[in-house]
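Report on one structure; see the data block that follows.
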Amino acid sequence: MSLWQQCLEQLENQLNAQQFNTWIRPLQAVEEDESLRLLAPNRFVLDWVNERFIDNIRNIVTQIGTGDQHQVVLEIGSRERKTQEPAVRVAKVANNTAKQEDKRRANFRRREDQSQIHYVSNIRDEFTFSSFVEGKSNQIAKAASVQIGENPGVAYNPLFIYGGVGLGKTHLMHAVGNLMLEKKQESRVIYVHSERFVADMVKALQHNAIDDFKRYYRSVDALLIDDIQFFAGKERSQEELFHTFNTLIEGQRQIIISCDRYPKEIDGLEERLKSRFGWGLTVAIEPPELETRVAILMSKAQQMNVELPHEVAFFMAKRIRSNVRELEGALRRVIANSRFMARPITLDFAKDALRDLLAAQDKLVTIENIQKTVAEYFKIRVADLLSKKRSRSVARPRQLAMALAKELTNHSLPEIGDVFGGRDHTTVLHGCKKIRELRDSDVRVNEDYQNLLRILTT
Amino acid sequence: MSANTSIKQLPLSMWLRQGATFDSYVSAANQQLLDNIRNVAALGEEHFIFIWGAEGVGKTHLLQAACHAATNAGNSSVYLPMQEAAQFAPEMLEDLEQMTLVTIDNIDAVAGDQAWETALFNLYNRVRDNGECRLIVSAHQPLASLGLRLPDLLSRLSWGLVYQVQAMTDEEKLQALKQGADSRGFELPDEVANYLLRHYQRQTAALFDLLERLDQRSLAEQRRLTIPFVKQVIETDFRSSKE
């Protein structure tokens, strides 16, 4: 047994389980002739261990040391850690097929020779256009993305894709990146999440490497920035993004931005950035409708080599409507159950497998909750919803709430009428009908309905 | 730190104590969940699991057992109890994707806290980018009821496998208590185990804490585990908790 293993055994007995698992377990040991080097994953863990546990560890090492005087050294690091650039984090390009990885490595190496910059594309192979399921809700965004992949920097620049979480924005960005790389292997296509951009910039500033950072992002062929709303309130990062943006657009290099809302609605973002985001094309991705959700499930199952009966996909798509991630999670669960029990996936089987997941969802959607959510959404009081007031500003939200109650709960019309201030069931029926009509004729009403549906079922 | 002083007070049995492992986890209703957590800890196909269940159903045990298994396989792991988050800072999540297994207990404790939610969201993304790290997260509530303010984090947590941890039956609790006693090197007679189930808090975690104290006290006082002795320990506990 190694010195550190012996040490661990003693520590496990001395400390409580939580202390041991939180602070001692993450330490990785490197045993050398005269020293025991302990690697902590980050500064925080290092400081904590230094303050509270290091004396204890030293005592134990001295006790069990077989005559050798082992010096215990605590530092930040990881045995498996990849080297990190000060300005730009060099992460592993995950899940690449070996061939493509070689291809990209060669590509990066070549660039590296030229400019001394390591480019890391972060583009994920599995997100392609062929694995993207198209439907009414996303076809414009997809068409624009394909055009950009074919003609980067020319067609629409920047492309601004917005929509709720888990609807496929990131998938589209990666798909464009993959298409660009397919067309031109040596393209410097960089995907980066906004938080990563901000965090790397902070690190670059700390390490006096801000010039490298600037050079890196300003010299790419295409920059794909995800979740731009995370720049909100970060002025220094916005400043840097602004200049990067200008340099790239001037050089006809492609920029793709994703966001959870329309550019003008991002709070805490400079006006000059917002207006620039609108220079090219702005497209929305809506939550997928039922048929698309079914198609997504079928396609995902096929990728996972699982036979998914259509009626099961239909059942799941009907019950899980919030976003694609949750659909995929539910599919994983059904597949895991089927593998564990070695049984084929049938409708009854799927219902059983998803019981806890769906029960949790059902529990949440009560009429009271719908009333509260709708009132909050329209900034009115729940009491108004239940009152006799008939002004438009109250009546419309009330009808929406009724329609949602009919859609999302199992309550009957009279029951719904009852909890809406003792109204008649025909009033509820009228409200539901009115909303159905308005959703077809008034975009805003439809949008409100969809938003509320999403809030209530996420 | 009191670690040094408290060591002296602990009886010998503490040195024999076993941490939480998969083998000491008893529950028929959670077999599939257990199987999947084992797989994740053994670097299987799935990368993310979110588990939820009421207080005391054994979530912490499962998470720590996963860490234990990872260590045994020569992999690095870390356990982060978010109920202690007030003591920590979100910076402690930095670079944790370099670990092989990251487990986050009681994520609901930081739900609604913007700094923590953002840090967890970033950790999730880094874990996913890294491709080799696995993440297990636990909570008391199902995802939709957690009160997370960052929809991005919520949707990511729903992406992987999601399981509700079922509570143990009384029969299973009995078996688990006896097994727990056995691994600590003492025997828990049936009538005493039954007494514990009927007269003490029914949550598994609380029962096991009590078992730990019974072990210490019986060793320290050289007493056999009888119902009067157990009563006495529970009463002293109760009095000291009121002080």
Chain B heavy atoms under 4.5 Å from [X]: which part of the residue, side chain, backbone, both or neither?
X       : answer
R339(A) : side chain
F20(A)  : neither
N337(A) : both

Heavy-atom cut-off 4.5 Å, strictly under: side chain, backbone, both or neither for [X] against chain A?
X       : answer
T118(B) : side chain
L93(B)  : backbone
A89(B)  : both
E45(B)  : side chain
Y163(B) : both
N36(B)  : side chain
L150(B) : side chain
F88(B)  : both

(message) Which heavy atom of D95(B) sits nearest to which heavy atom of P41(A), and what is that distance?
(response) CB-O, 3.6 Å
(request) Return the minimal non-hydrogen interatomic distance between R128(B) and F127(A), and the atom names on each side. (result) NH2-CZ, 3.4 Å
(message) Using a 3.5 Å distance criterion without hydrogens, assess whether the side chain of T22(A) forms a donor-acceptor pair with backbone atoms of L80(B).
(response) no
(message) Is it the case that over 12 heavy atoms from other parts of the model lie below 6.0 angstrom from the CD atom of Q114(B)?
(response) no
(message) Between E94(B) and K203(A), does any side-chain N to carboxylate O distance fall below 4.0 Å?
(response) no
(message) Which one wins on heavy-atom pair count under 4.5 Å against chain A: T60(B), T71(B), L63(B)?
(response) T71(B)
(request) Specify which of H193(A), R43(A), Q5(A) makes the most heavy-atom pairs with chain B at under 4.5 Å. (result) H193(A)
